[in-house]
Chemist: 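This structure is in C-alpha cells; I'll ask about it shortly.
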Amino acid sequence: MNAKMLWQYARLVVEVGINVQKGQPIMVNCPVDCAPFGRMLATAAYDAGAKDVIINWRDDYCMRERGLKADGSVFDAVYPWEALKLNSLAKEGVGVISVSASDPENMKGVDPDRLRRSRLAAGRDLKDFYRAQMSNGIPWCVVSVPIASWAKKVFPGMNEADAMEKLWDEIFKAVRITEDGDAVAEWRAHCARIEGYAKKMTEFDFEELHYKNSLGTDLTVKMPENNNWLAGGDMCKSGVKFVANMPTEEVFSAPLRNGVDGVLVASKPLVLSGNVVEGIRFRFKEGRIVEIHSDTNEEALRTQVELDEGSHYLGEIALVPYDSPISNSGILFFNTLFDENASCHFAFGEAYPACIKGGDDLSPEELKEAGINAESNTHVDFMVGTSDLEITGKTRDGRLVKVFENGNFAI
Ligand code: ZN
Ligand code: ZN
C-alpha cells in the first residue's frame with residue numbers, strides 16, 4: 001500500500017462516495033485498527049467543506065468482550081444519548097461513512113440471542129436514522145480497508161504482512177484506484193455502464209424472473225408493478241448524488257413480497273454478525289422462507305431470518321455478472337461488501353423504497369401496498385450466483401427474455 005493511493009482512496013470516498021456538501025456534518029464509523037485511514041477521511045471531509053466530522057471508533061476486541069461479558073440488559077436498548085445523537089444527525093442530513101473491516105469470526109461463541117436482541121433494539125431506537133438511510137434521506141457510503149485478522153482469513157497461506165499487502169492490492173483493484181489513474185473518472189464511467197443495465201431491466205418491466213442452476217436453485221421471483229432497477233449512484237432527496245457501496249457492481253431491485261416460490265441455494269459462505277455461515281439453502285412459499293438450512297452456524301442464520309416477520313421475506317434482488325472484476329479475482333473475501341459484488345445475490349429483510357418508482361416519498365404503509373417488503377429490522381445480502389446461472393424473465397405482455405445465460409447478462 002502506498003500513501004498516495006490511500007489519499008486518493010480517502011478523497012474518492014469523500015467526493016464520490018458521500019459527495020460532501022459545504023456545511024454538512026459527516027460521521028465516520030471506523031475500526032481502531034484502521035485509524036490512519038479514518039484520519040485521512042476526516043481531513044478529506046473537512047477539506048471538502050464538512051461542518052464537522054464525528055468519528056465513532058470501533059474495535060473487534062471490545063465488541064467481542066461486550067458480547068461475551070456485558071450485562072444482559074445492555075442488549076435490549078440503545079443508550080438514549082446514542083439514539084439522540086444518530087437520530088438528530090440524520091435530521092441534519094449527516095453523511096455517513098462506514099469502514100467495514102472485521103474478523104469474519106469475531107462473534108463466534110457469543111450467544112446469538114444477544115445479537116438478535118441488540119439488532120431489534122437498534123431497529124426500534126434508531127428508527128429515524130435507519131429510515132433516513134434506507135430512503136435516501138441521507139447519503140452513506142460503505143468502504144473497506146484491511147485489518148490483520150481479516151487478511152489472514154482471506155489469505156490463510158500467507159504471513160500477516162504479505163496477507164495485508166495482498167488484501168490492499170485487491171481492494172484498490174476493486175475500487176479502481178491505480179497509482180497514476182484517475183479514480184473519479186473511472187467511477188463515473190463504471191457507474192454509467194451499470195446504470196445502463198438497470199435502465200434496461202426497468203424498461204422490460206418484468207412480471208417474473210425464473211432462476212435455475214446446477215447447485216439446486218430453482219426459484220420464481222415475481223416483481224411488483226412500477227419496479228425500478230438501480231445501480232451505481234444513488235440520489236439523495238436533496239438532489240445530491242452519492243455511491244452507497246464502494247466497490248459496487250450490482251444492478252438491483254426489490255421483489256414482490258409474496259411472490260417468491262421455490263428453492264434458493266447460496267453459492268458462497270456468508271459472514272453473519274461475526275459468524276461464517278456455509279451451505280445456505282432456503283425454500284420459499286408465497287414469499288415466505290419456510291425452510292432454513294445451512295451446513296455451519298445454522299442457529300446464527302435462523303436467528304437472523306426469524307428476527308421479525310419482515311425478515312422471513314426477500315427485500316432485494318441483485319444481478320452481478322459471473323464475469324466481473326471481483327468475481328474474476330477468484331477470491332472469497334469473507335466480507336459481504338466484496339462477496340456480494342462478485343455474485344448475483346438476494347437480501348432477506350427490508351427493501352429499499354427507491355426500488356418502486358417514487359418510493360422514497362411513500363410511507364411504509366404505501367410501500368407495503370405497492371408490494372415490497374417494507375418493514376423489517378434487518379437487511380442481509382447472501383450470494384447465489386454461479387457460472388451456470390440461468391435467469392429467464394417474463395414481461396407483463398407475456399414475452400420470455402433470457403436475462404442471464406451462463407452466469408452473465410444476456411440482455
Ligand atoms: Zn446488494
Ligand atoms: Zn443489500
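In listed order, ligands and their atoms are each counted from 1.
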Chemist: Looking from the Zn ion (ligand 1), what is the angle between OE1 on Glu250 and NE2 on His345, to the nearest 10°?
Modeler: 90°

Chemist: Once you measure the plane-to-plane angle for Tyr197 and Phe409, does it fall in the parallel (<30°), tilted (30-60°) or perpendicular (>60°) bin?
Modeler: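 If you compare the ring of Tyr197 with that of Phe409, the planes turn out parallel.
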
Chemist: Aromatic rings Tyr352 and Phe252: how do their planes relate, parallel, tilted or perpendicular, breaks at 30° and 60°?
Modeler: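 Because their plane-to-plane angle is over 60°, the rings of Tyr352 and Phe252 count as perpendicular.
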
Chemist: Under a 3.5 Å threshold, yes or no: a donor from one side chain and an acceptor from the other, between Glu316 and His345?
Modeler: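 On atom types as modelled, these side chains qualify, holding a pair under 3.5 Å.
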
Chemist: What is the name of the N/O/S atom of Asp381 that is nearest to the Zn ion (ligand 2)?
Modeler: OD1

Chemist: Specify whether His190 and Trp187 have parallel, tilted or perpendicular ring planes, treating 30° as the upper limit for parallel and 60° as the lower limit for perpendicular.
Modeler: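 Ring orientation, 0 to 90° scale: perpendicular.
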
Chemist: Of all the N, O or S atoms in Glu340, which one sits nearest to the Zn ion (ligand 1)?
Modeler: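 Within Glu340, restricted to N, O or S, the Zn ion (ligand 1) is closest to atom OE1.
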
Chemist: Relative to the Zn ion (ligand 1), which of the N, O or S atoms in Glu316 is the closest?
Modeler: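 This residue's closest N, O or S atom turns out to be OE2.
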
